[in-house]
Amino acid sequence: SGYDYILIDCPPALNLFMVNAVMAANQIIIAVQTEHLALKGFSHLLDTLATLEKHNPAIKKKAAVFTMVDNRRKLDQSIKAAVQELDLPTFQTEIRKGVELAEASIKCQTIFEYSPNSKGTSDYRSLAAEIERH
């Protein structure tokens with residue numbers, strides 16, 4: 001193929017679209033919002049992934065990336081600690097919460113188009129570099 005990477009961004013739902021994406025994948029990146037309800041859904045997602053991985057031996061690795069992070073909040077620290085206790089690798093890069101990310105979505109633009117110098121843009125560039133290194 002002519003591609004180094006193909007990213008399939010799934011909505012946060014355990015539906016047929018997500019199942020098909022996992023079955024086509026060889027690596028999985030799980031975005032984890034540092035919010036209480038997201039942590040509850042995360043454990044269900046891990047159970048589902050464990051089942052799907054039995055049917056897709058091509059999956060070599062999976063890791064979590066924390067999103068909407070505000071390190072000033074104790075909740076963010078506790079959510080990150082809870083995920084790290086699950087022995088799931090996490091990316092060093094975290095996507096910080098920023099109004100520009102929400103505004104870019106509203107404008108139907110990427111963060112790179114909407115606000116090329118924002119912290120969100122910087123975070124996503126760092127994440128891309130980290131993915132490429134590994």
N/O donor to acceptor pairs below 3.5 angstrom from side-chain atoms of residues 25-38, sequence neighbours left out:
{"unit_1": "Thr34", "atom_1": "OG1", "unit_2": "Met68", "atom_2": "O", "d": "3.2"}
{"unit_1": "Thr34", "atom_1": "OG1", "unit_2": "Asp76", "atom_2": "OD2", "d": "2.6"}
{"unit_1": "Glu35", "atom_1": "OE2", "unit_2": "Arg73", "atom_2": "NH2", "d": "3.1"}

Pairs meeting criterion side-chain hydrogen bond (donor to acceptor under 3.5 Å, both in side chains) with involvement of residues 51-61, two or more places apart: Glu53-Lys62

Verdict with supporting geometry, Ile59 and Val22, side-chain contact (heavy atoms from CB on, under 4.5 Å): CA-CA 8 Å; Ile59 296 173; Val22 170; 3.9 Å; yes

CA sep, side-chain torsions, deciding dist, call: Phe91, Ile131, side-chain contact (heavy atoms from CB on, under 4.5 Å): CA-CA 8 Å; Phe91 285 94; Ile131 290 168; 3.7 Å; yes

Inter- and intrachain pairs under salt bridge (Lys or Arg N to Asp or Glu O under 4.0 Å), touching residues 116-133, at least two apart: Arg96-Asp123

Linked, directly or transitively: Ile95 and Phe42 (ILVMFWY side chains, under 4.5 Å): no

Salt bridge (Lys or Arg N to Asp or Glu O under 4.0 Å) contacts touching residues 78-87 (sequence neighbours left out): Lys80-Glu94

Asn117 backbone acceptor or donor facing Thr121 side chain under 3.5 Å: no

Please tabulate, for the side chains in residues 102-110, all donor-acceptor contacts under 3.5 angstrom to protein atoms that are two or more places apart in sequence or on a different chain.
{"unit_1": "Glu103", "atom_1": "OE1", "unit_2": "Tyr114", "atom_2": "OH", "d": "2.8"}
{"unit_1": "Thr110", "atom_1": "OG1", "unit_2": "Phe112", "atom_2": "N", "d": "3.3"}
{"unit_1": "Thr110", "atom_1": "OG1", "unit_2": "Glu113", "atom_2": "N", "d": "3.1"}
{"unit_1": "Thr110", "atom_1": "OG1", "unit_2": "Glu113", "atom_2": "OE1", "d": "3.4"}

Any donor-acceptor pair under 3.5 Å from Ser122 side chain to Ser118 backbone: no

Distance-only donor-acceptor pairs under 3.5 Å for side chains of residues 10-17, two or more places apart:
{"unit_1": "Asn15", "atom_1": "OD1", "unit_2": "Phe17", "atom_2": "N", "d": "3.2"}
{"unit_1": "Asn15", "atom_1": "OD1", "unit_2": "Met18", "atom_2": "N", "d": "3.0"}

Leu52 vs Val19, side-chain contact (heavy atoms from CB on, under 4.5 Å): CA-CA, chis, key distance, verdict: CA-CA 8 Å; Leu52 293 174; Val19 170; 3.9 Å; yes

Verify same cluster id: Leu45, Met23 (apolar side-chain graph, 4.5 Å): yes

Worked check of side-chain contact (heavy atoms from CB on, under 4.5 Å) between Lys97 and Val69: CA-CA 5 Å; Lys97 188 178 273 189; Val69 175; over 6 Å; no

Taking every non-hydrogen atom, the tightest pair across Leu39 and Ala82: CD2-CB, 3.9 Å

Side-chain touch Thr90/Val65, heavy atoms, less than 4.5 angstrom: no

